[in-house]
Amino acid sequence: MSQTEPKRHFVSDIIEEDIRNNKNQGRVQTRFPPEPNGYLHIGHAKSICLNFGLAAQYRGLCNLRFDDTNPETEEAAYVESIKEDVRWLGFDWEDREFYASDYFEKLYEFAVDLIKKGKAYVCDLSADEVSEQRGTLTQPGRESPFRMRSVEENLDLFQRMRAGEFPDGSRTLRARIDMFNPNLLMRDPVLYRIRRAHHYRTADEWLIYPTYDWAHGQSDSIEGITHSICTLEFEVHRPLYDWLLDQLGIHHPRQIEFARLSVSHTVLSKRKLLELVKEGRVSGWDDPRMPTISGLRRRGYTPAAIRTFCDLIGVAKVNSIVDMALLEDCIREDLNKRVSRVMGVLRPLRVVIINYPEDKTEELEAVNNPEDASMGTRNVPFSRVLYIEREDFMEDPPKKFFRLAPGREVRLRYAYFIKCVEVIKDPRSGEISELRCTYDPATRGGDSPDRRKVKATLHWVSAAQAVPAEVRLYDTLFTKRDAGEVEEGSDWKANLNPGSLEALTECRVEPSLIDVHPGSPWQFERLGYFCVDTKDSKSGHPVFNRTVTLHDPWANIRKAGRENE
RNA sequence: UGGGGUGUAGCCAAGCGGUAAGGCAACGGACUUUGGAUCCGUCAUCCGGAGGUUCGAAUCCUCCCGCCCCAGCCA
């Protein structure tokens, strides 16, 4: 859990004001109301942290309620994934697991009450007709010819809608509000539709289903929610929810709207994420590139890092795009303190230490975590033939390249100083195939007794003992900061990053990693944080997902083209 | 265009009439057996714009401009 004080923002201000005025006897109850039609993503995490966080902060309660009023898109499997993700994030709804579908009977009774009060009517218009008669932004709507039906007729028709006497889509129950209202949502909105669809929970019990606008506010009311926190797009619905609650004369939660989260270089829309999954653009909802909770988990993100992120981004009413860099900073900070360092070479370059005995192998002591001495040390084998990172050698280095080059001396982490004396190339391709180096036996462990300095320390593995591994490197899913910003006429997927996944299969990691636990986090020195893949990793052949890189000034220098300054 | 919101640094975001918090990013520097971590420093004379009220305005008033949401029997 984040150690910082709960952040203050306009929502907490409102709640505190209500407590001060003894509204709801000072009680605070919120809810997280997902629709089980997809997996949760980082945007939902913001809402979860907000709702559960506020409840905890004001000694209240937070319910988990599934808003399952649309049988056509919802599935039990999604319910399970949502529960798993909320739990994993560290929140507990105890016995308050609710479903709007459990309220269908009650909602039906409310509708009957509304009809009896003359505030709702059965309308025989088709969907197209309703749409056409609603008017436009600037023109008022027209009243339905069925608007003035008697209470008795409405009651009879509504009961028969439920009984299945009418075909799908032939009739609706509508609120009788005001077809001239400048707010389109107040122009006699549909409350019930006839839909012969199988619901994952109520099965075929119902033929009519409440719309979200009808179900949501009343569900909150039934649960005694005091503060109904939702995203900005529902602000224009608030007058409708208020109207409905007032007509019914039931408990009236206070709705507060905040800006939904957007993160740079990705999309946070269940519809779009579903499309990526269905089209095979990613391997699934839990693809490590996905901004879903399950994707982030598989990528190596921790609940604590996600919670910290949600705390840092704040809560406001302006739509904004938070930089992915903030999320990355949160996971780095969390992992830095508690993850073991190891060495792994992603793109191996063979190095032969020509003055090191052919048959010798020694064990060198390496620190597991310089941030935490209690994590101890381990031994890594060293021998005549090693692998270093291809990127750590340049034949003709620019001014700011500190690593290995011909004639130059560097340190191998926890091992020896080595100096490059010869570059061997493949005669055919011209590619560097091997480096010949000498080592200084006096620098064992990496110290130089004569205090001479080297400008770089490289990670390495001993060729004979190294474990082959696969490492998956990820880049952002989209190339543009605002992933949704596409040219007129082109698909929203136009900005998909074709290079978002790079699988390296020739990697070599130190022998201590031969049998790592799926899901376990590691820092590969100088490279980043990696997480053992939970699906594809096997004992003897580990698969690592790069969670995030380490801060890399050299990469910045290259990106800015300043390597010779 | 009618209605509802909202504009503070490259990105988030405090601020609620008394003279612009904090984080991320970036850039310097110290330290360093990770170009990591850590530390120290720089980064808005100015708050979408123009007027006005006031001793005093990002905060109040007026007008203007930009952006977001609403015309599903989706949520």
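Proteins come first, then strands; the chains are lettered A, B, ... in the order of their sequence lines, and each starts at number 1.
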Measuring only the [atom1] atom in each nucleotide, how far is [N] from [M]? A whole number of Å is fine.
N     : M     : atom1 : result
B/G10 : B/U19 : P     : 25 Å
B/G51 : B/C27 : P     : 38 Å
B/G35 : B/G28 : C1'   : 15 Å
B/A21 : B/C47 : P     : 15 Å
B/C46 : B/U38 : C1'   : 33 Å
B/C68 : B/C31 : C1'   : 48 Å
B/A9  : B/G4  : C1'   : 29 Å
B/A58 : B/G48 : C1'   : 12 Å

Scan [X] against the nucleic acid and name what it touches under 4.0 Å (heavy atoms): base, sugar-phosphate only, or nothing.
X        : answer
A/Pro140 : nothing
A/Ile208 : nothing
A/Ser448 : nothing
A/His237 : base
A/Ser264 : nothing
A/Lys400 : base
A/Phe524 : nothing
A/Arg562 : sugar-phosphate
A/Phe309 : nothing
A/Gln523 : base
A/Val548 : nothing

Kindly indicate whether the side chain of A/Glu371 and the base of B/G36 share any N or O donor-acceptor pair separated by less than 3.5 Å?
->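 Such a pair is found, so the answer is yes.
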Polar pair under 3.5 Å, donor/acceptor by atom type, side chain A/Arg403, base B/G35 =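 Indeed there is one.
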Nucleotide nearest [X] when distance is taken to its side chain, options [options]:
X        : options             : value
A/Val236 : B/U34, B/A75, B/G4  : B/G4
A/Thr211 : B/G3, B/A75, B/U1   : B/A75
A/His9   : B/A14, B/G35, B/G23 : B/A14
A/Leu137 : B/C12, B/U1, B/A75  : B/U1
A/Arg481 : B/C11, B/A14, B/G35 : B/C11
A/Pro182 : B/C69, B/C73, B/G2  : B/G2
A/Val190 : B/G35, B/C24, B/C73 : B/C73
A/Asp329 : B/A25, B/A75, B/U34 : B/A25
A/Leu326 : B/G23, B/A25, B/A71 : B/G23
A/Asn70  : B/C16, B/C74, B/C70 : B/C74

Rounded to whole Å, please give me the gap between [atom1] in [X] and [atom2] in [N].
X        : N     : atom1 : atom2 : result
A/Glu389 : B/U34 : CD    : C1'   : 13 Å
A/Phe234 : B/C70 : CZ    : C1'   : 12 Å
A/Arg8   : B/G23 : CZ    : P     : 20 Å
A/Leu261 : B/C12 : CG    : P     : 11 Å
A/Asp178 : B/G2  : CG    : C1'   : 13 Å

I want to check one thing: is the phosphate of [N], taken as OP1 and OP2, less than 4.0 Å away from some side-chain N or O of [X]?
X        : N     : result
A/Arg526 : B/A37 : no
A/Arg134 : B/C73 : yes
A/Thr136 : B/U1  : no
A/Asn556 : B/G35 : no
A/Arg193 : B/G72 : no

In plain terms, say whether [X] and [Y] are close enough for a salt bridge, that is, a side-chain N and a carboxylate O under 4.0 Å apart.
X        : Y        : answer
A/Arg201 : A/Glu74  : no
A/Arg413 : A/Glu525 : yes
A/Arg195 : A/Glu72  : yes
A/Arg142 : A/Asp188 : no
A/Lys419 : A/Glu409 : no
A/Lys317 : A/Glu235 : yes

Could you go step by step and tell me if A/Asp128 and A/Ser126 meet the side-chain hydrogen bond (donor to acceptor under 3.5 Å, both in side chains) rule?
-> CA-CA 5 Å; A/Asp128 285 347; A/Ser126 70; 5.3 Å; no
Give the stems involving RNA chain B, where a stem is 3 or more consecutive Watson-Crick or G-U wobble pairs (i with j, i+1 with j-1, and so on) under 3.5 Å.
->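 Correct response: B:2-7 with B:65-70, B:10-12 with B:22-24, B:26-30 with B:38-42, B:48-52 with B:60-64.
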A/Glu510 pairs by side-chain contact (heavy atoms from CB on, under 4.5 Å) with which of A/Val345, A/Asn379, A/Val342?
->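 Option passing the side-chain contact (heavy atoms from CB on, under 4.5 Å) with A/Glu510: A/Val342.
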When the aromatic ring centroids of A/Tyr192 and A/Phe158 are compared, is their separation below 6.0 Å?
->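 Centroid separation for A/Tyr192 and A/Phe158: below 6.0 Å.
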Please tell me which of A/His551 and A/Thr73 maps to the more 5' nucleotide of RNA chain B, matching each residue to the nucleotide holding its nearest heavy atom.
->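 The residue closer to the strand's 5' end, by nearest nucleotide, is A/His551.
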Assign each of A/Arg195 and A/Arg332 to its nearest nucleotide of RNA chain B by heavy atoms, then name whichever residue's nucleotide is nearer the 5' end.
->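 Taking each residue's closest nucleotide, the earlier one in sequence belongs to A/Arg332.
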Syn-anti status, with the boundary at 90° from 0, for the nucleotide B/G72 |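 Syn, since the glycosidic angle lies within 90° of 0.
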Would you find more than 12 non-hydrogen atoms of other residues, nucleotides or ligands less than 6.0 Å from A/Arg260 atom CZ?
->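 Open: at most 12 neighbouring heavy atoms sit under 6.0 Å from CZ of A/Arg260.
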Near RNA chain B, under 4.0 Å by heavy atom, which residues of residues 316-324 of chain A?
->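 Residues of residues 316-324 of chain A that come under 4.0 Å of RNA chain B are, in numerical order, A/Ala316, A/Lys317, A/Val318, A/Asn319, A/Ser320, A/Ile321, A/Val322, A/Asp323.
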Please confirm whether the backbone N or O of A/Glu75 pairs with a side-chain atom of A/Asn37, one donor and one acceptor, at under 3.5 Å?
->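 No; judged by distance alone, with no hydrogens or angles, the pair does not exist.
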If only atom types and distance count, is the side chain of A/Lys270 paired as donor or acceptor with the main-chain N or O of A/Leu40 below 3.5 Å?
->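 Not a single qualifying donor-acceptor pair exists.
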So, A/Ser81 versus A/Asp85: side-chain donor-acceptor pair below 3.5 Å or not?
->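 Their side chains do not contain a donor-acceptor pair, so the 3.5 Å distance test is not met.
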Non-neighbouring partners of A/Arg546 that pass side-chain contact (heavy atoms from CB on, under 4.5 Å), sequence neighbours left out =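 Partners of A/Arg546 by the side-chain contact (heavy atoms from CB on, under 4.5 Å) criterion, ordered by chain and then number, come out as A/Leu473, A/Phe530, A/Thr549.
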